[in-house]
Amino acid sequence: DSGVTQTPKHLITATGQRVTLRCSPRSGDLSVYWYQQSLDQGLQFLIQYYNGEERAKGNILERFSAQQFPDLHSELNLSSLELGDSALYFCASSLSGRAAEKLFFGSGTQLSVL
Amino acid sequence: AQSVTQPDIHITVSEGASLELRCNYSYGATPYLFWYVQSPGQGLQLLLKYFSGDTLVQGIKGFEAEFKRSQSSFNLRKPSVHWSDAAEYFCAAVGASGNTPLVFGKGTRLSVIA
């Protein structure tokens, strides 16, 4: 058990809908990362937060947004969903967000857009 | 652009045989290098990491990796594979400056046969 909790584990929804994925980082970790894993693209970095502030942004679509709350949990909001958004979304956390740090991954949220 | 390449999509080895998974990186300067493993239905777990110094690094579960600057490679090895090693293996890199996110290769799926 990595200590990172993601909910829900599975999500099935329709095109055009909006969903929210939730992540609770490991106790004491200040940095949260979101990754999207798909068969064709592999693991793609979406966004990183550190202590409530956005620190780095990757290939995140404008339809997607995220935030990190004062209690350090994070939410990833996906809107106007398309079939191609179907993927496994991972959250990871680390202590301070430095490059050399080990990331602790949650078990992911499997999103299916029908 | 910074990238990590894992040339082998799928490898099958016999239990007890040796294993080598290949990883090449393309970065301006030597990045920090990592190997993660993803078991079915699980998040990613760090096996080992290389920052500097000894080019042969030891990790968990009996894995090791060798950094070769001349070949821009960081190959993962195990002398004797166990059936429980069947999983997806990801090589990853991050610039030492810490200004860019962790970049993953597309992964190599390892199957172990009796």
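Letters go in sequence order (proteins before strands), and every chain restarts at 1.
Shown here is I113(B), whose CD1 atom has more than 12 heavy atoms of other residues, nucleotides or ligands within 6.0 Å. Within a 6.0 Å sphere centred on NE2 of H10(A), other residues, nucleotides and ligands contribute 12 heavy atoms or fewer. Within 6.0 Å of the CD1 atom in I9(B), the count of heavy atoms belonging to other residues, nucleotides or ligands does not exceed 12. At most 12 non-hydrogen atoms from other residues, nucleotides or ligands lie less than 6.0 angstrom from CZ of R109(B).
For the set V103(B), L44(B), L102(B), L46(B), the count of heavy-atom pairs under 4.5 angstrom toward chain A peaks at L44(B). Heavy-atom pairs under 4.5 Å with chain B were tallied for K9(A), Q110(A), K102(A), Q44(A); the largest tally goes to K102(A).
There is no contact between Q45(B) and chain A, counting heavy-atom distances below 4.5 Å. Residue contact with chain B, scored on non-hydrogen atoms closer than 4.5 Å, involves the side chain of Y35(A) exclusively. For N59(A), no part lies near chain B; criterion is any non-hydrogen pair under 4.5 Å.
Two different hydrophobic clusters hold L88(A) and V19(A) under the rule that ILVMFWY side chains link at heavy-atom gaps under 4.5 Å. Linking Ile, Leu, Val, Met, Phe, Trp and Tyr whenever their side-chain heavy atoms come within less than 4.5 Å puts Y27(B) and L33(B) in one cluster. Residues F45(A) and Y89(A) are members of separate hydrophobic clusters, defined by side-chain heavy-atom contacts under 4.5 angstrom among Ile, Leu, Val, Met, Phe, Trp and Tyr. Y33(A) and F104(A) are assigned to two separate hydrophobic clusters, defined by single-linkage of ILVMFWY side chains at heavy-atom distances under 4.5 Å.
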Walk me through whether E88(B) and L43(A) qualify under side chain to side chain contact (heavy atoms under 4.5 Å, CB included).
CA-CA 12 Å; E88(B) 187 98 18; L43(A) 268 163; over 6 Å; no
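Across every non-hydrogen atom of Q38(B) and F90(A), the tightest pair is NE2-CZ, 3.1 Å. Among all heavy-atom pairs drawn from Q37(A) and F90(B), the shortest one is NE2-CZ, 3.3 Å. Shortest non-hydrogen contact noted between G41(B) and S107(A) is O-CB, 4.1 Å.
Using a distance-only test at 3.5 Å, with no hydrogens or angles considered, a donor-acceptor pair links the side chain of Y36(B) to the main chain of L103(A). K106(B) places no side-chain N or O within donor-acceptor distance of the main-chain N or O of L39(A), the cut-off being under 3.5 Å.
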